[in-house]
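Quick caveat, the model's predicted, so the values are computed rather than measured. Sequence lines set the chain letters: A, B, ... in the order given, protein chains first and strands last, and positions in each chain run from 1.
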Amino acid sequence: MMHNLMEHIRGGISHSIEQAIRTLATAGELPGDVVDVLSGAEVPLEVPKDPRHGEFASPIALAIAKRAGKPPREVASLIARELMASAERRYVEAAEIAGPGFINFRLSKQWVADSVALIRSRGSEYGRCDFGRGERVMVEFVSANPVGPLNVVNARAAAVGDTLVRLLKAAGYDAASEFYVNDAGRQVEVLAESVYARYMELKGDDYAFPEDGYRGEYVRDIAAGAMEDPRIADRLSAMNAGEARSFFREYALGHILDWQKRSLAEYQVHFDKWFSERELRATGAVETMIGEMEAAGHTYREDGALWFRSSDFGDDKDRVLVKSDGLYTYVAPDLAYHKNKLSRGFTKLVDILGPDHHGYEGRMQAGLKSFGYPDGTLEVLLLQLVTLMREGQPVKMSKRAGEFITMDDLLEEVPRDAARYFFVMRNTSSHLDFDLDLARAQSMDNPVWYIQYAYARCCSIFRQAEAAGISSDDWASADLTLLAEPSELDLVRKMAAFPDEVLSAALERAPSRIAKYGLDLASVFHSFYSECRVIGDDVALTMARLALVDAAKTVVANALNVMGIEAPERM
RNA sequence: GCGCCUGUAGCUCAGGGGAUAGAGCAACGGACUUCUAAUCCGUGGGCCGCAGGUUCGAUUCCUGCCAGGCGCGCCA
């Protein structure tokens, strides 16, 4: 079944241009060697920024003019003439020469009608395609250490990661999301020690708080929570220091993990799997991997440590796998984890990391390369920082001073839909200024409201139609060729671009494209709404416009859905 | 010093070899007896950081420089 009309038409035009050039070359109107330019890729067709230049434009004449030995505009008109004489004409109404030698293609009313009909028949599937052919992709994101609350960059990662997974699924990939839980490292011991210290303090014992301990209030709360539970308090009083620390490690870990899971669930971010580093280690996967690396000669011993020759595989320098004290650095289990992902059948891995992890990529890439996986198996998406803005001023955050805004704090302050949209609306590689006042604002300035309002307006029109005794059967067979106003065509054009937009966003790993698209779509819809009265005296036109609004409602909903944002029927 | 990211309208940012570089906000001026004015329409506003290079064509690609952010552990 066709799912992208624009793609279909583009392919047809490209093919026709190629045929036209071949015909002209054979007929001697163009030199024979111009066809060399055609070898390989499809003839380029772009969507002009300015709609006056038609639905498609080809710069092919500019590219081959030199070889053809004729001015670009002359080459363009030869091609256009040949093309219009031979091409299939269901959708192409005219091919015009413009500017320095572009061939602009204007599409027919049939295209408008078929576009709207396609959207209405595909419904919530509109925008999806099978490009990925079921390739298994794993997106790992957030993966915050289980030693404290989720922060604002984690919230950005959650929104971006979740949207990317939805995009990949829409593009036909078998995409899965995973949260890697670092529950085995030194930091977990530091957490245990921190909670234990607070426990001793609450008991009134003199006990030094660890130098590098976690000083957040939550650490004290966890200790207090344990003491307030009589059954736990009893057991604790019978434990020696080692046993108590060990108890607190598990107790705190469980609490914090639950907390993180709850925060993300509230944020509507779902993970297919929470993968425990501890469980990975328990399988012996790390030892096995290191054994294989040693056997392959990718390691050496120096200063009592075991090193990975990562610089042989593109890293800046070699990395320690096993420290001189016999413990692993994070590199060893992390590499084993990535190997594990691939062993589960994923052929493509995407890691979404915070800006402080950029050095990490070289190590992981080197590791996977040394294991023999092809380049491009792992893609790292580095998120840049988030600055919260309040009243036009950056919100100062200092861990030391305890002025720290967590993801939970943020979600208490701004609605979930707004937070998700704001985190996704910028390029991942750009710093993000998050305007708290704007995200909270119930006004036209707020882009989330603006898009949601477009959906609500569609619903409102249908409520009116129903009140007027019009049912969906009445417009199912509307004459869609009646849609001809500029604002109607702008809307159709924008909706027709949605499948391309979804695919590009997925392939470029650029969720921000969909955020932008949603805003643009809402904008053309609102223009249409004020330009064209939908329910009016002209019955045929009313039906055509109801069908158009039905399509718009679908596309707005699909765009919001891919970002995990609600589409409200009333506002 | 090295690495990553970013320099586009007053502000926040899109775009990413192609036609006259876009949007929102801010400023100014208009539009509701009609499906939600939470909206729409219009006006002004730009050496696309600087300098070279690649080519039919560069804001876009390459190199160098300048500026800002972040990072550079046998921490994760």
Would you mind telling me which of [options] lies closest to the side-chain atoms of [X]?
X	options	answer
A:L62	B:C35, B:C56, B:G15	B:C56
A:F102	B:A19, B:C40, B:C4	B:A19
A:R513	B:U6, B:C35, B:G16	B:G16
A:R52	B:A38, B:U20, B:C35	B:U20
A:P100	B:C13, B:A19, B:U6	B:A19

Would you say [X]'s side chain and [Y]'s backbone share a donor-acceptor pair under 3.5 angstrom?
X	Y	result
A:R570	A:C459	no
A:D50	A:R52	yes
A:D315	A:A366	no
A:R73	A:G99	yes
A:R319	A:R309	no
A:D183	A:S276	no

Does the Lys NZ or Arg CZ of A:R457 fall within the cation-pi geometry relative to A:Y529 - under 6.0 Å from the ring centre and within 45° of the axis?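 Yes, A:R457 sits over the ring of A:Y529.
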Measure [atom1]/[X] against [atom2]/[N] and give the value in whole Å, please.
X	N	atom1	atom2	answer
A:I514	B:A23	CD1	P	21 Å
A:D538	B:U34	CG	C1'	16 Å
A:E508	B:G15	CD	C1'	11 Å
A:Y517	B:G24	OH	P	17 Å
A:L519	B:A23	CG	P	12 Å

Return no unless some side-chain N or O of [X] is found under 4.0 Å from OP1 or OP2 of [N].
X	N	result
A:K516	B:A14	no
A:S430	B:U12	no
A:N427	B:G15	yes
A:S429	B:U6	yes
A:K49	B:A19	yes
A:S527	B:C41	yes

Considering every strand and a 4.0 Å limit on heavy-atom distances, what is the contact class for A:A468: base, sugar-phosphate, or nothing?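 Nothing, no nucleic acid heavy atom in range.
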Need one value for A:D183: base, sugar-phosphate or nothing, where a base atom within 4.0 Å counts as base even if backbone is also close, heavy atoms only.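 It contacts nothing in the nucleic acid.
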May I ask you to check whether A:E96 and A:N104 show a side-chain donor-acceptor distance below 3.5 Å?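 Per modelled atom types, A:E96 and A:N104 side chains form no pair under 3.5 Å.
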Counting only Watson-Crick or G-U wobble pairs whose two distances fall under 3.5 Å, which nucleotide matches [N]?
N	value
B:A9	none
B:C56	B:G18
B:G3	B:C70
B:A27	B:U43
B:G64	B:C50

C1' atoms of B:G24 and B:G45, separation to the nearest Å: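 Per the computed distance, 15 Å lies between those C1' atoms.
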Suppose you measure atom P in B:G49 against the same atom in B:G16; what distance do you get, rounded to whole Å?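 About 16 Å, rounded to a whole number of Å.
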Mind running salt bridge (charged side-chain N to carboxylate O under 4.0 Å, His left out) on A:E488 and A:R545 for me, showing each step along the way? CA-CA 9 Å; A:E488 291 172 325; A:R545 286 183 174 164; 2.6 Å; yes
Each nucleotide of nucleotides 70-76 of chain B classed B (base within 4.0 Å of a protein heavy atom), S (only sugar-phosphate) or -, in 5' to 3' order, makes SB-SBSB
Using only heavy-atom distances, decide whether a donor-acceptor pair under 3.5 angstrom links the side-chain of A:D50 to the base of B:A21.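 By the distance-only test, no, there is no pair.
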